[in-house]
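Reminder, nothing fancy here: chain letters follow the sequence lines and each chain counts from 1.
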Amino acid sequence: MIRFESVEYIYPNGVKALDGIDLEIGDGEIVTIMGENGAGKTTLIKHLNGLLKPVKGKVLIDGIDTRKVTVASLSKKVGIVFQNPDDMFFSENIWEEIAFALRNFGYDEEVVKRRVENAINFMDLASYVDKSPFTLSGGEKKRLALAIVLAWSPDIIALDEPTIGQDILQKEKLLQVIKLLNSQGKTIIISSHDVEFIADLKPRIILMKRGKVIADGNAEEIFLNEELLKSCNLLPPQLITLSRELEFIGVRPRLYSPRELAAEIMTRLQR
Amino acid sequence: MFRDFIRKTRLPSGVDGDLRIIEVKDLGFKYAGTDFYAIKEVNLEINEGEFVILAGKSGCGKTTLLRCLNGLIPHFYEGEFEGRVLIDGVDTRDCPPYILSQKAGMVFQNPDNQLFALSVEADIAFPLENLGLPREEIRDRVEWALKLLKIEELRSRSPFELSAGQKQKVAIASVLAMRPKILLLDEPTSSLDPISAKNLIDAIIELNRKHRLTILISEHRLTHLIPHADKLAIMDKGKILYFDEPRKVLKEDVLMYGVSIPRVVEVVREMRKIGGCLPFREVPLSVDEFIRDLRGVLR
Ligand SMILES: Nc1ncnc2c1ncn2[C@@H]1O[C@H](COP(=O)(O)OP(=O)(O)OP(=O)(O)O)[C@@H](O)[C@H]1O
Ligand SMILES: Nc1ncnc2c1ncn2[C@@H]1O[C@H](COP(=O)(O)OP(=O)(O)OP(=O)(O)O)[C@@H](O)[C@H]1O
Ligand SMILES: [Mg+2]
Ligand SMILES: [Mg+2]
């Protein structure tokens with residue numbers, strides 16, 4: 001379980017990025033953090049493995065206060081895929097990049113090999129194994145960052161803007177990966193601006209604004225609240241907007257899938 | 001502010017008399033140390049004032065093509081270069097990148113590669129100072145760009161102490177302030193929140209409409225862009241497969257090339273599967289078009 005208790009964080013330049021965050025995320029939940037640019041999403045995520053420590057209040061991961069342990073020891077429990085993955089690479093090739101953390105955790109070479117290969121296949125990186133991480137395309141880098149965390153398979157996985165640079169096929173796959181990990185009991189925390197992706201995932205959504213949590217609810221409830229979304233610089237998924245505009249033929253505004261909405265429209269039109 | 005944005009220059013004309021501002025012929029590029037062409041047999045002609053979307057799977061060669069258009073390839077990236085690229089009538093091989101970047105300004109996929117100064121303001125002003133513009137002009141342009149991106153309050157902050165979306169806005173502002181004739185945008189909205197992304201798209205559409213700015217934008221999320229674009233190019237494995245009006249391209253099965261179609265288009269496809277008479281003559285690309293057509297038949 002993850003608990004934030006009145007957490008405040010101030011960057012050295014004086015910007016208060018987290019301003020009294022109280023939050024509880026249970027084991028096995030999928031949670032999405034949404035909010036305008038600069039709201040504090042990345043700062044919050046960096047508190048999960050102790051990379052940043054609260055100036056006031058505390059963050060507890062399974063009861064462990066992040067101020068009292070090292071990032072290295074928390075990393076076994078919490079894996080983060082950063083928004084800009086460039087910062088996390090340093091190896092000569094992709095294989096070594098994925099293997100590095102595993103070796104550090106002390107797995108024997110047999111296990112390392114199996115896990116690296118699984119992660120590479122899973123994220124569609126097989127044709128790049130010998131390439132340097134720095135010569136990958138934008139989307140490929142992001143997938144490598146995901147592969148690294150998949151390979152070490154921590155209980156809590158935080159993905160900061162995972163759909164950046166991903167085409168629709170990769171996004172569909174990512175959706176499957178997230179659901180699969182979750183079905184294995186993992187807790188998943190995602191920060192994302194990609195409303196269409198989140199509309200497919202339908203997770204619990206936490207809205208942030210200026211370092212505060214201003215709403216917390218299920219996807220449909222949040223996406224139907226236009227005023228609230230607007231105040232966080234968000235737009236509803238396109239099919240919520242469409243279903244709202246279709247009220248004149250009797251369609252009720254909801255978070256439909258394309259197929260559901262098509263069926264609904266055809267039924268209404270036949271009347 | 002964009003009044004003398006487009007200088008009159010003589011360009012090779014297209015058949016239709018429009019000025020051909022980008023001309024790519026049999027272009028191919030293989031990065032040093034790799035054994036395949038990241039792009040190959042690319043032919044592309046874009047007229048002045050056109051708004052073009054570049055889409056395709058991750059790794060299909062979008063960034064590589066853009067790098068060829070602003071001269072980073074072949075001037076900075078080593079590899080095998082084939083064919084030729086003419087920007088505003090100039091062969092990119094014969095023109096140093098700093099000159100090209102004034103004609104074809106590029107916003108990089110990763111803004112970190114573009115930011116360097118001590119403050120946001122200085123970051124936007126620096127390239128303008130290099131152009132030798134008068135101080136007054138520089139100040140006006142910096143203010144204009146800060147306002148356009150709604151980042152006035154970040155002006156004195158260090159660009160390295162910003163959130164990802166804020167960085168992306170600064171990178172865009174500094175390229176727009178240069179007022180290039182051609183704007184190359186590599187996934188410019190990837191880190192922007194939805195309303196900021198919409199504001200940016202609205203702003204560049206206005207620049208395109210009012211000032212005939214030529215725009216080439218690579219994107220994975222097309223929903224808000226598609227209704228405004230003149231052309232949609234779809235790339236796969238380094239080649240351009242389609243290059244036509246978006247409505248025509250979307251008739252093809254583009255999903256297999258990783259292109260996300262707007263959800264309203266998906267709804268229309270699902271309606272077709274159900275069968276019966278549909279109220280659309282052409283595929284609607286936005287919620288507005290969808291509702292307009294539906295009301296049209298129901299009236
Ligand atoms: N390294 C840093 N130093 C100083 N201030 C920072 C730093 N990183 C972020 N900030 C500031 O802290 C606030 C929160 O930033 P954060 O990166 O957490 O936002 P975010 O919600 O992730 O935004 P985005 O959607 O743009 O990624 C912003 O005002 C930002 O300018
Ligand atoms: N500097 C480089 N050195 C070697 N190979 C590279 C380099 N940059 C890109 N590549 C390779 O060239 C191919 C095309 O990459 P490019 O960056 O053009 O793709 P893209 O379409 O922009 O992808 P994305 O949507 O993920 O950004 C990829 O296979 C990539 O790995
Ligand atoms: Mg962020
Ligand atoms: Mg790219």
Side-chain angles (χ1 to χ4, degrees), chain A residues 11-13 15 17 34-43 83-84 86-87 131-132 135-140 142-143 160-161 163-171 193-196 199 229-230 232-235 237-239 241-242 245-246 248-249 256 258-259 261-263 265-266 269-270, chain B residues 31 33-34 55-64 109-110 112 154 157-158 161-166 168-169 186-187 190-198 220-221 223 255-264 266-271 273-276 279 286-288 290-291 294-295 298:
Chain A
Y11 279 102
N13 63 355
V15 172
M34 302 185 86
E36 66 189 342
N37 292 133
K41 304 178 292 296
T42 297
T43 309
Q83 191 160 0
N84 179 358
D86 273 16
D87 306 339
K131 272 192 102 169
S132 148
T135 65
L136 294 176
S137 81
E140 290 160 359
K142 198 81 193 184
R143 294 211 293 288
D160 201 353
E161 299 289 346
T163 65
I164 286 185
Q166 300 311 312
D167 59 63
I168 193 75
L169 303 171
Q170 295 296 344
K171 279 190 206 178
H193 294 301
D194 197 331
V195 282
E196 301 299 345
L229 289 179
K230 215 167 173 189
C232 295
N233 249 21
L234 298 173
L235 289 168
Q238 192 172 37
L239 293 192
T241 310
L242 182 59
E245 295 283 329
L246 284 168
F248 77 99
I249 57 163
Y256 294 96
R259 181 172 304 167
L261 187 53
I265 295 171
M266 293 307 265
L269 285 183
Q270 268 149 25
Chain B
Y31 288 100
T34 64
K57 280 185 202 155
S58 163
C60 72
K62 301 179 294 296
T63 298
T64 306
Q109 197 162 357
N110 178 358
D112 280 341
L154 300 178
R157 297 269 297 272
S158 154
E161 296 174 348
L162 297 175
S163 80
Q166 291 166 338
Q168 199 164 29
K169 290 177 191 177
D186 200 357
E187 298 189 32
S190 62
S191 285
L192 301 192
D193 61 57
I195 291 193
S196 297
K198 189 172 177 302
H220 288 295
R221 287 182 293 171
T223 301
L255 193 66
M256 61 188 193
Y257 305 117
V259 176
S260 73
I261 53 180
R263 289 276 151 106
V264 287
E266 278 184 60
V267 171
V268 174
R269 288 191 179 174
E270 292 293 341
M271 286 168 76
K273 279 190 207 155
I274 297 170
S286 64
V287 169
D288 288 349
F290 191 106
I291 297 297
L294 191 61
R295 281 191 191 277
L298 290 184

Just wondering, do [Y] and [X] contact through their side chains at under 4.5 Å, heavy atoms?
{"X": "A:Glu245", "Y": "B:Arg295", "result": "no"}
{"X": "A:Leu169", "Y": "B:Tyr257", "result": "no"}
{"X": "B:Val267", "Y": "A:Tyr256", "result": "no"}
{"X": "A:Ile249", "Y": "B:Leu294", "result": "yes"}

What part of [X] gets within 4.5 angstrom of chain A, counting heavy atoms only: side chain, backbone, both, or neither?
{"X": "B:Val268", "answer": "neither"}
{"X": "B:Leu255", "answer": "both"}
{"X": "B:Thr223", "answer": "side chain"}
{"X": "B:Glu266", "answer": "both"}
{"X": "B:Thr34", "answer": "side chain"}
{"X": "B:Asp186", "answer": "neither"}

Winner by heavy-atom pair count (cut-off under 4.5 Å) against chain B, out of [options]:
{"options": "A:Leu269, A:Ile164, A:Leu136, A:Leu242", "answer": "A:Leu242"}
{"options": "A:Leu229, A:Thr42, A:Val195, A:Leu246", "answer": "A:Leu246"}
{"options": "A:Asp160, A:Leu239, A:Thr43, A:Val15", "answer": "A:Leu239"}

Which answer fits [X], side chain, backbone, both or neither, if we ask what part of it has an atom under 4.5 Å from a heavy atom of chain B?
{"X": "A:Ala263", "result": "both"}
{"X": "A:Lys131", "result": "side chain"}
{"X": "A:Lys171", "result": "side chain"}
{"X": "A:Asn84", "result": "side chain"}

Taking atom CZ of B:Arg269 as the centre, does the number of heavy atoms from other residues, nucleotides or ligands within less than 6.0 Å exceed 12?
yes
NZ/NE/NH1/NH2 to OD/OE distance under 4.0 Å, A:Glu196 and B:Arg263:
yes
How about B:Ser58 and A:Arg143: does a side-chain donor come under 3.5 Å of a side-chain acceptor?
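Distance-only check passes for B:Ser58 and A:Arg143.
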Using only heavy-atom distances, determine whether the side chains of B:Glu161 and A:Asn13 contain a donor-acceptor pair under 3.5 Å.
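Yes, because at least one side-chain N or O of B:Glu161 sits under 3.5 Å from a partner of the opposite role on A:Asn13.
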Please determine, among [options], the option with the most heavy-atom pairs under 4.5 Å with chain A.
{"options": "B:Gly275, B:Pro279, B:Ser190", "answer": "B:Ser190"}
{"options": "B:Leu154, B:Ile274, B:Thr64", "answer": "B:Ile274"}
{"options": "B:Lys62, B:Arg221, B:Gln166", "answer": "B:Arg221"}

So how far is it from [X] [atom1] to [Y] [atom2], rounded to the nearest 0.5 Å?
{"X": "B:Asn110", "Y": "A:Asp86", "atom1": "CG", "atom2": "CG", "result": "5.0 Å"}
{"X": "B:Ser260", "Y": "A:Gln166", "atom1": "OG", "atom2": "CD", "result": "12.5 Å"}
{"X": "A:Asn37", "Y": "B:Lys169", "atom1": "CG", "atom2": "NZ", "result": "4.0 Å"}
{"X": "B:Leu192", "Y": "A:Glu36", "atom1": "CG", "atom2": "CD", "result": "12.5 Å"}
{"X": "B:Glu270", "Y": "A:Met266", "atom1": "CD", "atom2": "CE", "result": "11.0 Å"}
{"X": "A:Ile265", "Y": "B:Phe290", "atom1": "CD1", "atom2": "CZ", "result": "4.0 Å"}

Please test A:Glu161 against B:Ser191 for side-chain contact (heavy atoms from CB on, under 4.5 Å), starting from the C-alpha separation and ending with a verdict.
CA-CA 8 Å; A:Glu161 299 289 346; B:Ser191 285; 5.5 Å; no
Hey, is the main chain of B:Pro194 close enough, under 3.5 Å, to the side chain of A:His193 for a donor-acceptor pair?
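It does not hold such a pair.
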Partners of A:Gln238 by side chain to side chain donor-acceptor pair (under 3.5 Å), sequence neighbours excluded?
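None.
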So which atom in A:Asp167 and which in B:Gly258 form the shortest heavy-atom distance, rounded to 0.1 Å?
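Looking at all heavy atoms of both residues, the shortest contact is CB-O, 3.4 Å.
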Can you name the closest pair of heavy atoms from A:Gly139 and B:Gln109 and give their distance?
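Smallest interatomic distance, heavy atoms only, reads N-NE2, 4.2 Å.
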Walk me through it: do A:Ser137 and B:Thr63 pass the test side-chain contact (heavy atoms from CB on, under 4.5 Å)?
CA-CA 8 Å; A:Ser137 81; B:Thr63 298; 5.9 Å; no
